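One structure below.
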2 protein chains.
Amino acid sequence: MTKLCGLRERKKQQTRAALVDAALALFEAKGFEAATVEEIAATAEVSPRTFFRYFAAKEAVLLAVHDGEFDRVVAAIEQGATLAEAILGTLGDDHEQFRRVQELVAHTPALLATFLERSVEQERRLVDLLLPAAADERQVLRTRLLVAATYAALRVAIESWLTTPGSDCAQHVRDALAMLEQGLVVTG
Amino acid sequence: MTKLCGLRERKKQQTRAALVDAALALFEAKGFEAATVEEIAATAEVSPRTFFRYFAAKEAVLLAVHDGEFDRVVAAIEQGATLAEAILGTLGDDHEQFRRVQELVAHTPALLATFLERSVEQERRLVDLLLPAAADERQVLRTRLLVAATYAALRVAIESWLTTPGSDCAQHVRDALAMLEQGLVVTG
DNA sequence: ACGCCAAGTGGCAGTCTGTGCCACTTTGGC
DNA sequence: GCCAAAGTGGCACAGACTGCCACTTGGCGT
């Protein structure tokens, strides 16, 4: 965990938050590609050089927003929760920042690409986590498929949620997962 | 289809192919990010400016390799094939260029991101194609889920295929789709 | 055979992302 | 208070990509 004792560490978190806020606002105001790192840094009162010390790339600012949520999913699984339970659990307290980011992602191909790639990384970690120590080949495949399909369902659910004003995100996810579990007619 | 009558058109296809070959070879030799557009263009005996007239971005060279295959999937569906049939149909004649590209994608996060984004675009087109004119909300959701899950299975299958030397790609895909159809235990 | 038009190309200047390096300030431990 | 370490800014630079303009060349009518 991050220490919050020193002044140094507090300033860092503060700068980080300022960068995220600035980026989110600017992306929403003028679009992801039109907003430059220079502007974001200026808004957060920091040099562009420093921006890249906090985030490896322009897109990474938004990635950072959700990292905490994934950690909670991992934690839940480590305590014995199923994948579905873990995901649904973190969706409860909807930070509206989550919606803002997802809205941006849905409208910006470059951001979508970044997020999908991050999803694959997360999928790999989850597979390792869910897999028993000694698993046969078939078990591995089944788990990979489970996680990948769950993420696919999550993505479909979020899209559906974004286009349905006032709806509950968790409910969309539950519906999608239920459909998945009951078995898709792949041949239809 | 592309006309092949004129000399002009032939030269264009030739340049395009030269760029693809050069890019593929250079990416394999020194890695995607280490290979510069300048080098690729030079190898294909063309100016860097011209490279970007053929491909919108450095990654797009590899995207182009698979565009033809997706068109075949679309064509098959328009002639009444199911999604699974259409996909398995195009996988038969395995161009080894397909494997080379997938190998690169698997090892290069930036390429993976681009390909996943392209996958989402393809998914959207397939959903429109598979959906009857008047479909209720539930039908739409089910179709989106079907396509997204199928692509997830495809991705898992390809990964599995790449890491199993000498195996048949189509067989991996069939196995994955079968698992999907029989219903995943989401709560496991 | 000639010449015109449009398509294709190259070069150049310029923007933006991202990185390495070095000097400078600040913080936390002693 | 002093010193190493952490954090920051500025600079120079590479590489991806774009707009613009001048130039060449293939297609085509006459």
Side-chain angles (χ1 to χ4, degrees), chain A residues 2-20 22-23 26-27 29-64 104 108-115 117-118, chain B residues 2-20 22-24 26-27 29-64 104 108-115 117:
Chain A
T2 341
K3 295 180 190 175
L4 23 72
C5 50
L7 167 63
R8 210 184 202 100
E9 203 62 33
R10 235 177 306 136
K11 275 229 165 193
K12 233 166 62 173
Q13 296 308 320
Q14 187 179 326
T15 302
R16 191 181 184 80
L19 283 171
V20 171
L26 279 168
F27 290 167
K30 47 198 309 191
F32 172 73
E33 27 265 337
T36 68
V37 170
E38 197 178 350
E39 289 173 316
I40 298 171
T43 305
E45 295 178 309
V46 155
S47 79
R49 189 68 190 82
T50 294
F51 175 92
F52 289 108
R53 286 212 178 82
Y54 281 84
F55 305 103
K58 196 176 155 188
E59 302 93 334
V61 200
L62 300 190
L63 245 42
L104 276 170
T108 315
L111 287 178
L112 179 58
T114 306
F115 266 71
E117 197 252 316
R118 168 62 57 104
Chain B
T2 338
K3 294 179 189 176
L4 24 73
C5 48
L7 168 64
R8 209 183 202 102
E9 203 64 31
R10 234 178 308 136
K11 275 229 165 192
K12 234 166 63 173
Q13 297 308 321
Q14 188 180 326
T15 303
R16 191 183 186 79
L19 284 171
V20 170
L24 205 42
L26 281 168
F27 290 167
K30 48 200 302 196
F32 172 74
E33 27 266 335
T36 68
V37 170
E38 196 175 351
E39 290 172 315
I40 299 170
T43 306
E45 294 178 310
V46 154
S47 79
R49 189 68 190 81
T50 294
F51 175 92
F52 289 108
R53 287 211 176 82
Y54 281 84
F55 304 102
K58 197 177 155 186
E59 301 94 332
V61 200
L62 301 189
L63 245 41
L104 276 170
T108 316
L111 287 178
L112 178 58
T114 306
F115 266 71
E117 199 251 317

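In this text the structure is predicted, and so the values were computed from the model without any measurement.
Residues B:Lys11 and B:Val37 each lie close to DNA chain D; by heavy-atom proximity, the contact nearer the 5' end of the strand is made by B:Val37. In terms of position along DNA chain D, the nucleotide closest to A:Thr15 lies nearer the 5' end than the nucleotide closest to the other residue of the pair B:Phe51 and A:Thr15.
The nearest whole Å value for the distance from the CZ atom in A:Phe32 to the P atom in C:dC16 is 14 Å. Atom-to-atom, CD1 of B:Ile40 to C1' of D:dG15 comes out at 12 Å; the value is rounded to the nearest Å. If you measure from atom CZ of B:Arg10 to atom C1' of D:dG26, you get 11 Å, rounded to the nearest angstrom. Atom CD of B:Gln14 and atom P of D:dT25 are 16 Å apart (whole Å). As rounded to whole Å, 9 Å separates atom P of D:dC28 from atom CZ of B:Arg8. Rounding to whole angstrom units, CD of residue A:Glu59 and C1' of C:dG18 are separated by 11 Å. Summarising the geometry, the separation between CD on B:Glu39 and P on D:dA14 is reported as 14 Å, rounded to the nearest angstrom. Look at CD on B:Glu45: it is 15 Å from C1' on C:dG10, rounded to the nearest Å.
On a pure distance criterion of 3.5 Å, no polar donor-acceptor pair joins the side chain of B:Arg49 and the base of C:dG8. Put simply, the side chain of A:Arg53 and the base of D:dG9 share a donor and an acceptor less than 3.5 Å apart.
Heavy atoms of A:Lys12 sit under 4.0 angstrom from primed sugar atoms or phosphate atoms, though from no base atom. If you check every strand for non-hydrogen atoms under 4.0 Å, B:Tyr54 touches sugar and phosphate atoms only. Among the protein residues, A:Ala35 comes within range of the sugar-phosphate backbone only, with heavy atoms under 4.0 Å from sugar or phosphate atoms but none that close to a base.
Using a 4.0 Å cut-off, some side-chain N or O of B:Thr50 falls inside it from OP1 or OP2 of C:dG10.
Nearest heavy atoms, A:Ala35 versus A:Phe27: CB-CD2, 3.7 Å. Of all the heavy atoms in B:Val20 and B:Phe55, the pair that sits closest is CG2-CZ, 3.9 Å. Nearest heavy-atom pair across A:Leu62 and A:Phe115 is O-CZ, 3.7 Å. Closest approach of B:Val61 and B:Ala23 over heavy atoms only: CG1-CB, 3.7 Å.
In the set C:dT9, D:dA16, C:dG10, C:dG10 carries the atom at the smallest distance from any side-chain atom of B:Ser47.
Between A:Lys58 and A:Glu33, no side-chain nitrogen of the basic residue sits less than 4.0 Å from a carboxylate oxygen of the acidic one, so the salt-bridge criterion is not met.
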